[in-house]
There are 2 protein chains.
Amino acid sequence: MDKIDRKILQVLQANARASLQEISQAVGLSATPCWGRIKKMEESGVIEGYTIRLNAQALDLGDTVLVQVTLDSHSDNTLEKFGETLAGIPEVIEAYLVSGDYDYLLRVAVKDTKDYERLLRERLYKIKGIRHSKSSFVLRTLKKADLPL
Amino acid sequence: MDKIDRKILQVLQANARASLQEISQAVGLSATPCWGRIKKMEESGVIEGYTIRLNAQALDLGDTVLVQVTLDSHSDNTLEKFGETLAGIPEVIEAYLVSGDYDYLLRVAVKDTKDYERLLRERLYKIKGIRHSKSSFVLRTLKKADLPL
DNA sequence: GGTGAAACCAGTTAACC
DNA sequence: GGTTAACTGGTTTCACC
């Protein structure tokens, strides 16, 4: 992982479909070593995969809700069960165990407030072991950046 | 945007480097119409771009901090200035204006707690207009999923 | 909209510095 | 670990259904 590797990652972060020609030009090397470096980073796990950035609004998932969750018990078993339940709810995009006033923060993607109300009623409120939850709607996204390299 | 388009997006979400052969096989069409559908989704903006998933730990950005921020004033000017300031801090990966008890939620990527302390002292505490901020460390990531299609 | 083949270009390998 | 050149395979275009 030297400076050239990081530069390659920068180019791929901006456009994972960039050709080796473009990449090699950007880093000042020929195509072959660039290709080798990328393969090595794929194998070592630095590059976990290639994805697309999607327009959530165009897919009827324009609303984001951040949900703070506090559980009744903090046993290993409760934590594990909660994780498994969340895994089965596709609208839950991210889930973090956090330090502080509450236990978990979830990022949920829904079509609109009505859709969120349905999810809350039919799925989230039915999860056993939740002591308390608090929902905040995202009104505006100010920033959504790549990792700094 | 029909069922086939969504299936194509699913395949690309899992692997944006999938060849047209793989994609066309997955959706049951030949390569040409798949290619045309992808191009149309790129042009219409449904597909915003192609990126890589990176291993943050391997890049010395293993710690994630969620910061709740409350501003002094809620004027348009304050909001805009705050957004501009955040844009200049590379460690701030996401920033949302939210409804509820506080105004903004930031997701910050740092090497470790020491690195976060430095960021807090040198950058975040120096931002004018912040009334209050509260940091929560991410102890564990339970889920990180693609948008449901 | 779809198919299939031809043309073109990019990814991959190998031989060498 | 780097370069250039040959090879292989995928992307893009085109003529047709």
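Numbers restart at 1 for each chain; the letters A, B, ... are given by sequence-line order, proteins then strands.
A nucleotide of DNA chain D counts as in contact with chain A when one of its atoms lies under 4.0 Å from a heavy atom; the first and last such, 5' to 3', are D/dG2 to D/dA5.
A/Glu42 and A/Tyr50 share a donor-acceptor pair across their side chains, judged by distance under 3.5 Å alone. No donor-acceptor contact under 3.5 angstrom links the side chains of B/Ser99 and A/Ser136, judged on distance only. Inspection of the B/Tyr116 and B/Ser135 side chains reveals an N or O donor paired with an N or O acceptor under 3.5 Å. A donor-acceptor pair shorter than 3.5 Å cannot be found between the side chains of A/Ser30 and A/Ser24.
Remark: P of C/dG11 and CD of B/Gln21 are 16 Å apart, rounded to the nearest angstrom. Atom CG of A/Leu12 and atom P of C/dG11 are 11 Å apart (whole Å). Counting to the nearest Å, the C1' atom of C/dA10 and the CG atom of A/Leu20 are 7 Å from each other.
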query: Which dot-bracket string fits DNA chain C when only Watson-Crick or G-U wobble pairs with both atom distances under 3.5 Å count, crossing pairs get [ ], and | stands for a partner on a different strand?
result: ||||||||||.||||||
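Proximity of the aromatic rings of B/Tyr96 and B/Tyr104 is defined here by a centroid distance below 6.0 angstrom, and this criterion is not met.
Distance alone, capped at 3.5 Å, is enough to place a donor-acceptor pair between the B/Arg17 side chain and the A/Ala16 backbone. Side-chain atoms of B/Arg118 do not come within 3.5 Å of backbone N or O of B/Arg123 as any donor-acceptor pair. In this structure, A/Lys143 contributes its side chain and B/Leu86 its backbone to a donor-acceptor pair below 3.5 Å.
You'll find the side chain of B/Leu9 reaches within 4.5 Å of the side chain of B/Met1, heavy atoms only. Residues B/Val67 and B/Val108 are in side-chain contact: their nearest non-hydrogen atoms beyond the backbone lie under 4.5 Å apart.
The stretch residues 22-54 of chain A comes close to DNA chain C through A/Thr32, A/Trp35, A/Lys39, each having a heavy atom under 4.0 Å from the strand.
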